[in-house]
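Before any comments, here is the structure.
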Amino acid sequence: MDEPLLSLRGLTKAYPGVVANSDVSFDIGQGEIHALLGENGAGKSTLVKMIYGLVRPDAGTMSLNGGAFAPGEPSEARRAGVAMVFQHFSLFDALSVAENVALGMETPPKSRELAQRIRDVSEEYGLPLDPFRTVGTLSAGERQRVEIVRCLLQEPRLLIMDEPTSVLTPQEVEILFSTLRQLKAEGRSILYISHKLGEIRSLCDTATILRRGEVVATCTPSETSSRELAEMMVGASFAAPEARAHAPGEMALEVTGLSLPAPGAFGTPLREVSFELRRGEVLGIGGVAGNGQDELLAALSGERLSPRGTVALKGADVSRDGPIARREGGLLSAPEERLGHAAAPNMSLVENGVLTASRREGLVSNGFLDWSRARDFAGRVIERFDVRTPGSHVPARALSGGNLQKFVIGREILQRPEVLVVNQPTWGVDAAAAAAIRQALLDLAADGAAILVISQDLDELMEISDRFAALNEGRLSPARPVAELSLEKIGLMMGGAHDMEVAHVHG
Amino acid sequence: MITLEKRPQPSRTWTFLAPVAAVLLTMIVGGAMFALLGTDPVAAIRTIFWDPLFNPQFASYSRPQLLVKAGPLILIAIGLSLGFRAGVWNIGAEGQYIMGAICGAGAGLMFYPSESVLIFPLMILAGALGGWAWAMIPAFFKTRFGTNEILVSLMLVYVAESILASVSSGLLRNPEGRGFPGSRNFQQWDAGANRDLVAGTGMHWGVVAAFIAVILAYVLLTRHIQGFNIRLSGEAPRAARFSGVNPARVVIFCLGTAGALAGLAGLFEVSGPAGQISIDFNSGYGFTAIIVAFLGRLHPVGILLAGLLMALTYIGGELAQLMLSVPGASIQLFQGMLLFFLLGVDVFTNYRLRIGKREAA
């Protein structure tokens, strides 16, 4: 075997109260796509931050191409040839692609020259991108291309990608994979972080699995089953959602010709959205981010009111009812954005329980809050959904994204909704917890609730939905039974990605 | 390199320690300032913080003054704090205070010289209503047209001041006042006078109202859903909307409550310590209360203490000017330092200092 590009030896990093990484050692070879797998809190982020120079290890060494490598800050790592595409893009909506790229460079070239380089790189790697488009008008997939092109302009030897496919359509995923394979063929290495085991099995050469900050296994993913990979991550076998016989009952939620103007400059208008949802049924709504998901949720939760006759709950028109009245009618929802929308960052979990459960759980009587019942409710959510937190008194922002997600979804599920609308229910949640959330949604449906799942994770939608529809620029396709669909058909229903037809791939 | 690192949750120790540290820092830096001005710093600090309460010569006068000055500050600040918690920035309490005084005094004087026991309650009601109505103007424009309540409420202060000037030399002028501007003196009219409940303590109805407001605000914010909604609206407006809070109602409630409390403060002042409506009736309580609200961290108990502390620095400051002949500006500087250090030290409640290489955890 050739000398590895990057080797980690005994990396250890501890934070007060928690050891994020303990004695982590592995090698990333030249021209290798190396997967890093692990649950939330397994220490993937910390590890990657150490490689990228954001965090200094307490102990252990790294070597890059045989030489010692200890970046003190990201710019040092970048100079050494390490680039990173973050899960959450750091782009300015109001600036153009070229301006955004220039912001990340230490000595940006002239704008025309930069635009040409962006064009060259994007063509070379099959990532079509117009340097002068405003980022605010790009789809999530295109934004990711901006980030990738930004990295490629630095001619990196190691590219770190954190959960890159979570916002992409299947076609966009294919384009991304071709690009990554092309990079690999050029001898560059990629450290690929993902929860999606199927992707890792088809793309990656080697996988390192972290659990509680330690390396538990290194394997060849194509020779290992998804189930085995998942079990290594979790350290125990976990239950995949059970298939179930689906017997739709009476009408629960009926949306007819729902149109709403865009809420802001970068929002999406809803255009004639119609669907129906029966008891015991799970309707999956797919689509690339920014095609009206948030707007649809707001129109269903009651945050935005719609014209009379557009939203009917159990046969009664609720179009003009606010969130409280809809909750009392049994329509509950969980928005995608956890901090600031589904939960108040600086308020405790107890208070965040009151946020939606005050009426249904009887946490308020005569206007006065019953804090002991509220504590009890938050405690039940924490216990039932395995939310890892020192207690219900901590503020929501102190929780990791996945744990807060479990709390936010659990808070609604425990209120026994008749209709539950969730947006990205397992976004950023580890495999075991995601499976638990999906199972809870299915159990709820089995008990006769109607579930609407808005998600960008198609595997998830295929796994739990009975019927599937896609949002594209605020329009909802007709819903079709999942059994009749193929991944290709779904991709076409979703459309959404601009420039798809020119996205041909070299080499 | 020195960096600030956000704490995962606010430090409880620092929440309590910060005000104490701020007062100590103010004493040290303020003491240095007085020393530079050629005044004995220890004497200056003692005159400001100690003599008003415990000096046998001055305490009998200044101790009641403490309550007289703190009462309106606390009453107004409590109302303002509700809005500030919700992200509703009412800067015009001074105007609401003036309008409360005018309406309350006017309602009482309509019945002069009646000695009915109903007159004082009527004045209280009219005072609260006057302040409330004045605050409803920015509330209406904000909820209806999305105007900025900071500007509207502030501008209305100047309108209120003009109305005050007008009525004190017109509508409410004392007919027996030989042409001098200013209304009848309430201290000379039993039915409308807000006197000390226990003579010589400074404890008048306005101070009682302030204490009641502290308790009610505490209960509202910690136990009542309306208080919860107010806090939620300030912490996370989108989450509040998701929860089902109607933002317009929160704006109206917060502005209305603040206006009514400021109006009450105005009424208790005009019928008590001030005695009459006059052109220079208002003395900036409505603006100082903004400082008191933040000094008390928008918490009712904090506001109670901050109001007393603020009143103390006023009285002590006057005393220092009188006894040590320090310039008035230095006293204002001293008060400014107190606010500055409090807000400065407050950073440590949410952040911790880290010396060394920067890390993003």
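Just so it is clear, the structure is predicted and the values come from calculations on it, not from any experiment. A, B, ... follow the sequence lines: proteins, then strands. Residue 1 opens every chain. Values below: every heavy atom of this structure, side chains too, minus hydrogens, waters and symmetry copies.
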Item checked: Whether over 12 other heavy atoms sit under 6.0 Å from Arg249(B) CZ -> no

Checklist line | Considering all heavy atoms, the nearest Ala344(A)-Ala239(B) contact | finding: N-CB, 4.4 Å

Item checked: Winner by heavy-atom pair count (cut-off under 4.5 Å) against chain B, out of Arg326(A), Glu303(A), Arg304(A) -> Glu303(A)

Notebook entry, point to check: What are the two closest non-hydrogen atoms of Arg238(B) and His341(A), and how far apart are they?
Noted result: NH2-ND1, 3.0 Å

Checklist line | Residue pair Pro345(A) / Ala236(B): nearest heavy atoms and the distance that separates them | finding: CD-CB, 4.1 Å

Note to self: What part of Glu351(A) gets within 4.5 angstrom of chain B, counting heavy atoms only: side chain, backbone, both, or neither?
What the structure shows: both

Check: Are there more than 12 heavy atoms of other residues, nucleotides or ligands under 6.0 Å from atom CH2 of Trp89(B)?
Finding: yes

Checklist line | Side-chain touch Leu369(A)/His224(B), heavy atoms, less than 4.5 angstrom | finding: no

Check: Can you say whether Ser45(A) sits under 4.5 Å from chain B via the side chain, the backbone, both, or neither, judging by heavy atoms?
Finding: neither

Check: For Ala343(A), is it the side chain, the backbone, both, or neither that has a heavy atom closer than 4.5 Å to a heavy atom of chain B?
Finding: backbone

Margin query: Against the six-membered ring of Phe242(B), is Arg327(A) placed for a cation-pi contact (under 6.0 Å from the centre, within 45° of the normal)?
Written below: yes

Checklist line | Residue selection (most heavy-atom pairs with chain B, distance under 4.5 Å) from Gly53(A), Gly340(A), Ser301(A), Gly302(A) | finding: Gly340(A)

Check: Taking atom CZ of Phe340(B) as the centre, does the number of heavy atoms from other residues, nucleotides or ligands within less than 6.0 Å exceed 12?
Finding: no

Notebook entry, point to check: Under a 4.5 Å heavy-atom cutoff, which of Ala398(A), Ser358(A), Pro335(A) has the most pairs with chain B?
Noted result: Pro335(A)

Margin query: Do Val219(B) and Phe368(A) have side chains that approach each other closer than 4.5 Å (heavy atoms only, starting at C-beta)?
Written below: yes

Next item on the list: Could you tell me whether the side chain of Ser243(B) and the main chain of Leu355(A) form a donor-acceptor pair under 3.5 Å?
Entry: yes

Check: Can you say whether Asp370(A) sits under 4.5 Å from chain B via the side chain, the backbone, both, or neither, judging by heavy atoms?
Finding: neither

Note to self: Taking atom CZ as the centre, does Phe86(A) end up with more than 12 heavy-atom neighbours from other residues, nucleotides or ligands that are less than 6.0 angstrom away?
What the structure shows: yes

Margin query: If you count every heavy atom of other residues, nucleotides or ligands that lies below 6.0 Å from Arg85(B) atom CZ, does the total exceed 12?
Written below: yes

